[in-house]
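Below is one structure, written out as structure tokens; comments come after it.
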Amino acid sequence: MRQDRGDPSEDEVRVLREKARHIRLETIRLIEIAKVGHYSSVFSCAEIFAALYYDVMRLRPGEPAWPDRDRFLMGKGHAAVGLFPVLADHGFIPHELLDGYTRLGSPLGDHPDMTKVPGVDFSSGSIGHALSNGAGMALGGRMSQRDFNVFVMLGDGEMQEGQVWEAALFAAHHQLSRLVAIIDRNGYQLDGKVDDVIGVESLRDKWQAFGWEVHEVDGHDLVALTALLRRLRADEARERPACVIARTVKGKGVSYMETEPGWHLGYLAPQDAQAAIDEIMTREI
């Protein structure tokens, strides 16, 4: 029986907050190596990474091939620079591999490659395919009687892709209760505001109409986010897949990125990088 652990304690939240801070700092450091990267896309989901990998997901350190570990797929593969330090923390890849990020011969690129990086469950980058693969994994897990959950993080601009909705229909039809989709609803995509490009609301109504259980949460509130994800993972009575609409801020943690959507892709000059580091180190999110 899976146990719902309820709300995280103050000490647990403190650890998760430090992990999210570490993800942001490592993102800046690794993009310094690459000389270009997706800062704000990682910063909007740093708490989601932290809650999943350091609390909710069932993993064994150093064992990325463990068949019963929980799976994680990213539709927004451009946030991989924030995931790689997490995989290193779990012993899935060597820490020293991070220092060669995007360099010639390195397995760590701007997007994740499941054939090169242990612990990466899906090679994402072409938007729209992750939920289909996650649904297949959840169905495969059921057929093989494996006890794992599948978490799929999607960008809100990704909701404009037709394949997402085909996968949503498939997952609901097959009652894939071990599948959890998390939408990083930060409001922006490469071309600007999501709802100016193609409006996607009401997301709650859409996902409910497609047969999913739907929850909304502040994606930066580690207490609420972690408690919700704990509950979803522990719920053995649910007969439907679950969708979490995580309301987030693109660039969260660095004030000048939160007000400028152009930081979807860019490179920080040394003084800007130091200002970002200083704010991440001192600001309480």
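Worth saying up front: this structure is predicted, and the values here are computed from it rather than measured.
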Any ion pair linking D147 and R58 (charged N to carboxylate O, less than 4.0 Å)?
yes

Would you please test R283 and D278 for salt bridge (Lys or Arg N to Asp or Glu O under 4.0 Å) and show each step?
CA-CA 8 Å; R283 180 177 172 185; D278 291 343; over 6 Å; no

NZ/NE/NH1/NH2 to OD/OE distance under 4.0 Å, D195 and R185:
yes

Between H78 and H38, how do the two ring planes meet: parallel, tilted or perpendicular, split at 30° and 60°?
tilted

Within the distance-only criterion (no hydrogens, no angle test), does the side chain of R24 pair as donor or acceptor with the backbone N or O of F43 below 3.5 angstrom?
yes

Distance, nearest 0.5 Å, that separates CD1 of I33 from CD1 of I28
13.0 Å

When you measure from the side chain of R247 to the backbone N and O of D218, does any donor-acceptor pair fall under 3.5 Å?
no

Q163 side chain to S132 side chain, donor-acceptor N/O pair below 3.5 angstrom:
yes

Value for CD1 (I182) from CZ (F151), rounded to nearest 0.5 Å, stands at 6.5 Å

Do the side chains of L179 and V152 get nearer than 4.5 Å, heavy atoms only?
yes

Could you tell me if the ring centre of F122 sits under 6.0 Å from that of F72?
no

Would you please classify the geometry between the W165 ring and the F210 ring as parallel, tilted or perpendicular, with 30° and 60° separating the classes?
tilted

Any salt bridge linking D184 with K250? Criterion: basic side-chain nitrogen under 4.0 Å from a carboxylate oxygen.
no

Using modelled atom types only, decide if a donor and an acceptor are shared between the side chain of D221 and the backbone of V217 within a distance under 3.5 Å.
no

Value rounded to 0.5 Å, distance of CG in N149 from CZ in R233:
4.5 Å

Taking only Lys NZ, Arg NE, NH1 and NH2, and the carboxylate oxygens of Asp or Glu, determine whether E158 and K76 approach each other closer than 4.0 Å.
no

So, does S40 use its side chain to make a donor-acceptor pair with the main chain of W263 at under 3.5 Å?
yes

Apply side-chain hydrogen bond (donor to acceptor under 3.5 Å, both in side chains) to the pair Y54 and D89, showing each step before the final yes or no.
CA-CA 10 Å; Y54 296 101; D89 263 3; 2.7 Å; yes

Salt-bridged, R29 to E26, with N to O below 4.0 Å?
yes

Does the distance from a Lys or Arg side-chain N to an Asp or Glu carboxylate O, for D55 and R5, drop under 4.0 Å?
yes

When rounded to the nearest 0.5 Å, the distance separating OH of Y53 from NZ of K19 is 14.0 Å

Is the shortest side-chain N to carboxylate O distance from E279 to K252 below 4.0 Å?
no

Please tell me whether N186 and S44 have a donor and an acceptor in their side chains that are separated by less than 3.5 angstrom.
yes

Examine R60 relative to W66 and say whether NZ or CZ is less than 6.0 Å from the centre of the six-membered ring and inside a 45° cone about the ring axis.
yes

For the rings on H264 and Y188, is their centre-to-centre separation under 6.0 Å?
no

E12 side chain to S9 main-chain N or O, any donor-acceptor pair under 3.5 Å?
yes

